[in-house]
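Side-chain atoms are counted along with the backbone in the values below, which use heavy atoms only and exclude waters and symmetry mates. Here is how names work: the chains are called A, B, and so on, in the same order as the sequence lines, proteins then strands, and each is numbered from 1. Please read all numbers here as calculations on a predicted model, not as lab measurements.
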Amino acid sequence: MIDSLNKALSAALHSLYDIQINPDDIRLDITRKEFEGDFTFVVFPYLRQSKKGPEHTAQELGEAVVSAVEQLEKYNVVKGFLNLSFKSSVWVDWLTSANITSIRTAHGSPRKIMVEYSSPNTNKPLHLGHVRNNVLGFSICQILQQYGHEVIKVNLINDRGIHICKSMLSYHLFGDGETPESSGLKGDHFVGKYYVLFDVKNREQAAKLVEQGMDPEEAKNNTPLMEQTREWLRKWEEQDSEIRSLWSTMNGWVYDGFHSTYDRMGVSFDKFYHESETYLLGKDLVMEGLSSGELYQKEDGSVWIDLTAEGLDQKILLRSDGTSVYMTQDIGTAQLKYDDYHMDQSVYVVGNEQDYHFQVLKATLKRLGKAYADGVFHMSYGMVELPEGKLKTREGKVVDADDLMDEMYATAKERTNEQGKTDGMEADELNTLYEQLGLGALKYFLLRVDPVKRILFNPAESIDFQGNTGTFIQYTHARCQSILRSISFDGSVTLPDHLEAEERALVAHFHQYDDKLAEAATNFSPAVMANYLYETAKLFNSFYNQHSILKAESENIKQLRILLTQRTAETLRVCGRLLGMEMPERM
RNA sequence: GGCCCGAUAGUUCAACGGAUAGAAUAGAAGUUUCCUAAACUUUAGAUCCAGGUUCGAUUCCUGGUCGGGCUACCA
């Protein structure tokens, strides 16, 4: 539809005003709903060459295009805006034949894309910030896949380091043989408890040192506990069997906990990397860079890269004692990932607090001569904050992921019971429903916001189930299904060639799906799909309230409306899946 | 200090440089003998400030204000 219009506009501009413009470069807007028309062509940019006023120019173009394109019905002009309307029959044909849900590859450049997301530390349970990461990461993978790319979902687990040793030591000293089983705690929460306990004990010890006159900052890092933690880290690195054994045990507990949380959130991975296996990587690459002269060494032996030419700073890559820093291992891991998959693009879903880190990583890889550096992309997103500020596990200022999902479930159950529409549903069906509604509301809440913006979460105000919410979208789907349960589309009936305003709006909206998917995929923005989903539900409800489906004026109108209902449900399911939201049959 | 990001109705969010800046929520007023009222309809309410570019700026540029982040031989 659009193609023929673009061609006609291009031809008309050429023949009327001698303007050369490629059909692909013609820009059409969706006509705003307060005006009549489907697509709008803005003529202002061409006035200089047409040498006529905006209305006159638009008039002439409209005349030419409508007579050239048989599918067009009419046009109207408002100032410099040429609004073009297709014949209703064209829309109906499109609706009948359109394959809304299929995977798109028509953009012509399918790529192999690795997306790293989640990447948790194994010393504490997941909180709301992680939930945003997981939901965003999973969603963008779904979107990229739907757009026709090949996607590899990876999780780089941060399973080693000083913070892991803290929870290990804390458990060793104060655990008294307790286990997740004996305490009835989920594994990750169990380990997290000891991580928090470490901090408590460490503060006590630090306070004593301060009493003895030590500087508070210094004291924190020089307690007996901290000394021992560092000792444990050394032993861990030396493969001390006792330490390693405790480490595997505790990580095992955490993994059990994480896996159940992941399952519940509905996220998954194709590949897990573990820092314990990658933390030594990268040194070789740094040494290569040193010999090729891209890096330099200070007198104390530390190795640096000077990125001032790229507008960044100088960055250390190897300490004077020859050990790695975080950046070193990220360089090594980037290489490992590339060797494993040879992907065209490597996406890191990581919070915006690490914007600088990823600029440096990319620039460094480039300097080291790695062509794949161009494919490195940091999908940065804003932090989730409480009214009092950032989430902080150690200070207990967190919204725990599991607790939050429980609360969402409970609220969903409560609201559903208030509605009283679920009579006759089995207990396990109801359980699934509450889960779908609770998680749906949560995911939509997190995804509808542009990723670059931070999200303020106020625990005092629970996540909504009314208005612009996941629930509204799910409700609309259930509404569609309730109709489609009683009747289905009969393809043998000839459809009408007239559309009511609300019907036309829905069809035109379905037509935007391709553009929206492309926008979401190229901008890495699930929020685009969330908004599209909301619009879909809104338009359907508006249509639904205005026109009866089952009691339509005639059989062919009825069939058209059933088809519209079917398409709506389909769109909600497909786009919902892109956000990781499930659509209930009844609610 | 330097660098990065954000700022839109009371609140939470939209708006490839285009028309009268859209929604939701909170407020006011309506809609159910009829397919799910977790819905629909009506109403009131906003672009941080000052310049600049443009036929046209919430959008792009410059400067400022406010908020957040980064700026470790931490991860």
Check your understanding: Please, which pairs that meet side chain to side chain donor-acceptor pair (under 3.5 Å) have at least one residue in residues 438-448 of chain A, sequence neighbours excluded?
Key -> A/Y444-A/N468
Check your understanding: Just checking, is any N or O donor in the side chain of A/D490 or A/Q559 under 3.5 Å from an acceptor N or O on the other one?
Key -> no
Point to revise | Options B/rA37, B/rG18, B/rG6, nucleotide nearest the side-chain atoms of A/V42 | key: B/rG18
Study note, to complete from the structure: Whole-Å distance, A/F445 CZ to B/rA24 P, equals 18 Å
Check your understanding: Salt bridge check: are A/E116 and A/K337 linked by an N-O gap of less than 4.0 Å?
Key -> yes
Check your understanding: Do the rings of A/H274 and A/F272 sit parallel, tilted or perpendicular, given the 30° and 60° boundaries?
Key -> parallel
Check your understanding: Salt-bridged, A/E231 to A/R234, with N to O below 4.0 Å?
Key -> yes
Exercise for review: Determine, answering yes or no, if A/F81 is stacked on B/rG18 under the 5.5 Å centre rule and the 30° plane rule.
Suggested key: no
Exercise for review: Can you tell me which stems involve RNA chain B, if a stem is defined as three or more consecutive Watson-Crick or G-U wobble pairs, both distances under 3.5 Å?
Suggested key: B:1-7 with B:65-71, B:10-13 with B:22-25, B:27-31 with B:39-43, B:48-52 with B:60-64
Exercise for review: Might you work through the salt bridge (Lys or Arg N to Asp or Glu O under 4.0 Å) test for A/R573 and A/E582, ending with a clear yes or no?
Suggested key: CA-CA 7 Å; A/R573 277 195 301 274; A/E582 293 189 43; over 6 Å; no
Review point. Under 4.0 Å between a side-chain N or O of A/R32 and OP1 or OP2 of B/rA19?
Key: yes
Point to revise | Gap in Å between the two C1' atoms, one belonging to B/rG10 and one to B/rG51, rounded | key: 31 Å
Practice item. May I ask you to say what A/E275 touches in the nucleic acid, namely base, sugar-phosphate or nothing, with a heavy-atom cut-off under 4.0 Å? Key: sugar-phosphate
Review point. If you measure only the distance, is there a donor-acceptor pair under 3.5 Å linking the side chains of A/N251 and A/D159?
Key: no
Exercise for review: Examine B/rU20: is either OP1 or OP2 under 4.0 Å from a nitrogen or oxygen in the side chain of A/K79? Give yes or no.
Suggested key: yes
Practice item. Kindly write out the residues that satisfy side-chain contact (heavy atoms from CB on, under 4.5 Å) with A/V303, not counting sequence neighbours, or none if the list is empty. Key: A/V286, A/L290, A/L295, A/Q297, A/L318
Review point. Does a donor on one side chain sit under 3.5 Å from an acceptor on the other, for A/H509 and A/T536?
Key: yes
Review point. Are any of the side-chain nitrogens in A/R160 or A/E237 under 4.0 Å away from the carboxylate oxygens of its partner?
Key: yes
Review point. Can you find an N or O donor on one side and an acceptor on the other, under 3.5 Å apart, linking the side chain of A/N83 with the base of B/rA19?
Key: yes
**Study point:** Check: A/T469/A/D464 side-chain N/O donor and acceptor closer than 3.5 Å
**Key:** no
Could you list, one pair per line, each protein nitrogen or oxygen that sits under 3.5 Å from a nitrogen or oxygen of nucleotides 54-60 of chain B, together with the distance?
unit_1	atom_1	unit_2	atom_2	d
B/rC55	OP1	A/R48	NH2	3.0

Exercise for review: Report yes if at least one side-chain N or O of A/S482 is closer than 4.0 Å to OP1 or OP2 of B/rU36; otherwise report no.
Suggested key: yes
Check nucleotides 65-71 of chain B for protein N or O atoms closer than 3.5 Å to its own N or O atoms and list the pairs.
unit_1	atom_1	unit_2	atom_2	d
B/rG67	O2'	A/R454	NH2	3.2

Practice item. Check each of A/Y348, A/F358, A/F524 against A/F377 using the ring-ring contact (aromatic ring centres under 6.0 Å, His included) test, and report the only one that passes. Key: A/F524
Check your understanding: Closer than 4.0 Å, any side-chain N/O of A/R319 to the OP1 or OP2 of B/rC74?
Key -> yes
Check your understanding: Which ones in residues 537-556 of chain A lie close to RNA chain B, meaning a heavy atom under 4.0 Å from one of its atoms?
Key -> A/K538, A/N541, A/S542, A/Y544, A/N545, A/H547, A/S548, A/I549, A/L550, A/K551
Review point. Quick one: do A/E60 and A/K52 make a salt bridge, cutoff under 4.0 Å?
Key: yes
Check your understanding: Do A/R504 and A/D38 meet the salt-bridge criterion of a basic N to acidic O distance under 4.0 Å?
Key -> yes
Check your understanding: Can you tell me how far C1' in B/rA39 sits from the matching atom in B/rC34, rounded to whole Å?
Key -> 15 Å
